[in-house]
Amino acid sequence: MHDVVNQLINTTFGWGWPGWLISLISYLLIATLLFLIAPFQMLFLTYFERRAIARMQDRVGPNRVGPEGIFQPMADGVKMFTKEDIVPDSADKWIHLIAPCIVVAPTMFMFAVVPWGPGMVPVDLNIGLLFFFAISSVSAIGLMMAGWASNNKFALIGAMRAVAQMVSYEIPAVLSLLAIVLITGSLSIVDLINYQGGLFISTMDVASVPDFGLGWFIFTPVGFLAFIAFFIAALAEGERTPFDIPEADSEIVAGYMTEYSGMKFGLFYLAQYVLNFLLCAMTAIIFFGGWQGPGVGWLYSLAITPANPEGGWIFNVLSGALGVFYFLAKTYIFFFVMVWVRGAYARLRIDQLMDFGWKFLIPLTLVNIFGATIWVGLTRWGAAEGLAFVEGWSPIMRWAIAFVVTLALNLGTYLYLARIYAESQSERARMDDEVLERLTNVA
Amino acid sequence: MDLLIQIIFGLLAALIIGAAMMVVTVRNIIHSALWLITSFFGVAALYLVLEAEFIAVVQVLVYVGAIAILILFAIMLTRHISSEGERLLTSRWWLTAIVALGLFGAVLLPTLAGQTWNIPLPTGPAGTPAPLSGVEELGREFVGQFLLQFEVAGILLTVALIGAIVIAFEERSRRRRVLTLSEEYTLRQRQQATAAKQAPVATADVAD
Amino acid sequence: MDIQRGNIIVMDRRTGKLRAGQGLLQGLKVVWDHWAASFRKNENFTQIRGNFTVEYPDERLQLPQAYRNMPVLLYDDESGHELCTGCYQCQRICPPQVIHITQAKDPVTGKMVPAATEFIIEYDACMSCGFCAEVCPFDSIKMDHVFELSTADHDSLTMRKAQLNRPISYYTSIAPDLWEGVKAGAMKKLQGNIKRRPGVIGMAPSLTEKIKARRQELAEAAAAAPPAAAPAAPAAPAGKLTPEEKAAKLAAMKAANAAKKAGGEAAPAEAPAAELSPADAKAAKLAAIKAANAAKKAGGEAAPAEAPAAELSPADAKAAKLAAIKAANAAKKAAEAAPAVAAPTTGNGTAAPTDEKAARLAAIKAANAAKKAAEQGNNE
């Protein structure tokens, strides 16, 4: 964007504006674009979710407003805007007012590091991944404020649950990403995507692999396990079923949103869906290559880039369009999976949630980090790092051995943990029965 | 450009100090915790101005995302602490003030006085590695030069973690569990069954 | 998968086998199957998959014949006569009390006719219980199938008779079997009622041409035989009196007699029996007035003459009640030989559930009071 604005103002018009002004204008343009896109994503996702879940429940879903009901979210938006804004008498007025803003702001912030296509990233922070998760944890404060300021039991319980859940599931999410970060050796999201070129095998691991943009992490055992763990943690972080206990409507009305109405309620909704979109986007970026896909890399190599100023602008457009298409398609598929999971599973209890997070996901991701180190050692290290025995192997051989070893490790760990977890759960049920038995005898 | 950074720095400094003042002067303890979060954010922004992105993000992740939440949790789970109208100053506020001023004078004044301000930016030859701000550099230093400190901090945290678990641990058999509705129903059925069974010999078992 | 309704499906929980998430995957598979199958329409309810939705405004399910939503009134297509006789059964049974009926009266004789001049149902408070349709002895009220009745205000949901009227042919179109069951009895009763309806009373007001035709027919009949028809008409209903009418008449007579005695003079010879009014209310009123007059005379001094003024009031029954009460008071006062201070207060004027009854009671009271007065007067 900076280049384009600079080109336009200083070269085409010849006004000679200073660099910081150009930067300011380009950033403002990007921010405006994102602020326009984010609510539309939310609108589309609500419609998408309602239609998809309806199909899963043998229904049709909203199909009245506009062709196939596509304007239903607009109608809902109008409804939200025109509803009365009610603030409880005994609420803490200011915090009650600020809370939705604090919940929405981080989700908008997170867009700053999300790449939409080749060369289409608002800010390429070299700690983009960390930034993403650091900012996402801020919204927990907003939830807490909302729950406390409402002066309502349900709201407070919902906020407590939300924060407890977010804090505990951030750990497996970050640990599973740590494995990926170990492999790529960078926290930059752009690097992460660049790593995933190739065909089944990443070009970074085996340089001779043709670049079809399909060297995704999901094809490695480490990446696959990390993906499972991360996606489950993302469900918990986005408060999706089966982890929607913070707003469990059958238990605590609407959780921290109980005392909100009108557009403030709409803001919570907006934040939630935008967060879900971002989590799906992150899953697509980290494990499925983001905008990587057949053709994008080739088109981008012909486009005007800092590395290749002689390219044709048409290839910029084409590669951008194809990249954004791949990226959005992957993202929406993951959102569909979220809806699918929502259609399939019942809500967990809070103790089951904590058990699952702490006793299953965290050990699994820790072992996965170990697998990632093995992967890095086998594919990249040499005599200098103390792994002299790999020297003679060919890259493809090293990759294959790393694949087999990590697969065995991860699969074994998964099966072992699953057995232990199942046993502990049945043991727990047995002890619960014993408690019941004892209560019976006492009485 | 310099002027712009000066202005931004001034605004951030005002935000941090103002928020910190609010933390200690606001009566409602929840409000003061929220002002503390504002202050944390200001500090993170200050790190960003210093181009230490990693530290800034970690500041948000650790202080805002974890510590502030812990504080809020602690306040909200403690009874009667969040009520307003508590006295702001204790009867011995002057003693505290003297201690604080003394500490300030003893610790900070020499530091501030001995500081040389306005050092020009170090301009090394082209190609010098960036100052210690990236993740990779930090990581390498942690497992290299500062390994001992890193390990000590790690052990300390582990000890704290184990201590927390020991304090919070409660044997399951002693725990009072809240029964679910279906369990309550089962319990009631069993109780009725036992009562029906024991009805003829009820008096004999009372001493037990 | 085809499932016969009512069969029990036993799910395999796979306990004991390797538990490593297969259950979760199975659950996902089930939902996926539903999703994939939802793009075809589920026509048959033995299918557990497929889209069940009936897209309501475009598609509608056939409503069952016995479906009930709001009550309507039926009228006969051929004669144009309404089946309703105004018997008040529905008004009495209605749990939310939303039915209001005004009985029709013969304009010539003032006697009741088995028809309703007005019939109001407040749809906004109706609970669709169907008691009115069940209790109706003439099969006049039936439950309609129309359920799209939303309005922006309550007032437009207060249905008057013209809005409630539906032809029988409409009812046979929505519930043919139900009508077939009651058809014979209902039509027979209707024929009987038609005979007792003079003029165009009881015809559905919307059928203007039918009413016109009937008026013409009546006019022709009148022109054909003017002398013979005239005396016959009022005499016919006079023969049959309902118990209420009789009671009212009796009470009136008693009152009149008592008053006659008290006054010691001959009461006006035109006894209430002479003018056999069809409406018991009127009778009661008359009786009350007479009682009042009699009492007045008995007291020597004239009691205030408000009683007759009551006949101007719109509700005859109420007025009669008031008059009767006044008469009673006046009679009492007369008995105490107090000079009349015109204060016919309302002490015993509590509203009785049915006005006619109250009027009757009041008339009786008035008669009694008058009698007492007469006795005291005799003693003096």
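Chain letters run A, B, ... following the sequence lines, proteins first, then strands; residues in each count from 1.
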**Request:** Side-chain contact test, heavy atoms from C-beta onward, threshold under 4.5 Å: evaluate it for A/Ile95 versus B/His31 and give yes or no.
**Result:** yes
**Asked** Which bit of A/Ile98 is near chain B, if near means a heavy-atom gap under 4.5 Å: side chain, backbone, both or neither?
**Response** neither
**Asked** So, do B/Phe73 and A/Met160 sit near enough that their side-chain heavy atoms are less than 4.5 Å apart?
**Response** yes
**Request:** Tell me, for B/Ile37 versus chain A, whether the close heavy atoms (under 4.5 Å) come from the side chain, the backbone, both or neither.
**Result:** side chain
**Request:** To the nearest 0.5 angstrom, please state how far the CZ atom of B/Phe54 sits from the CG atom of A/Leu187.
**Result:** 7.0 Å
**Request:** Mind listing the closest non-hydrogen atom pair of A/Ile141 and B/Ala68 along with its distance?
**Result:** CD1-CB, 4.3 Å
**Request:** Return the minimal non-hydrogen interatomic distance between B/Leu61 and A/Ala134, and the atom names on each side.
**Result:** CD1-CA, 3.3 Å
**Item:** Greater than 12 external heavy atoms within 6.0 Å of B/Tyr63's OH
**Value:** no
**Message:** Using a 6.0 Å cut-off, check whether atom NZ of A/Lys93 has over 12 heavy atoms from anything other than its own residue.
**Reply:** yes
**Prompt:** Do B/Phe41 and A/Val138 have side chains that get closer than 4.5 Å, going by heavy atoms?
**Reply:** yes
**Prompt:** For A/Phe370, does the CZ atom have more than 12 heavy-atom neighbours from other residues, nucleotides or ligands under 6.0 Å away?
**Reply:** no
**Complete:** Closest non-hydrogen atoms of A/Ser137 and B/Ile69, given as atom of the first, atom of the second and distance, are O-CD1, 4.4 Å
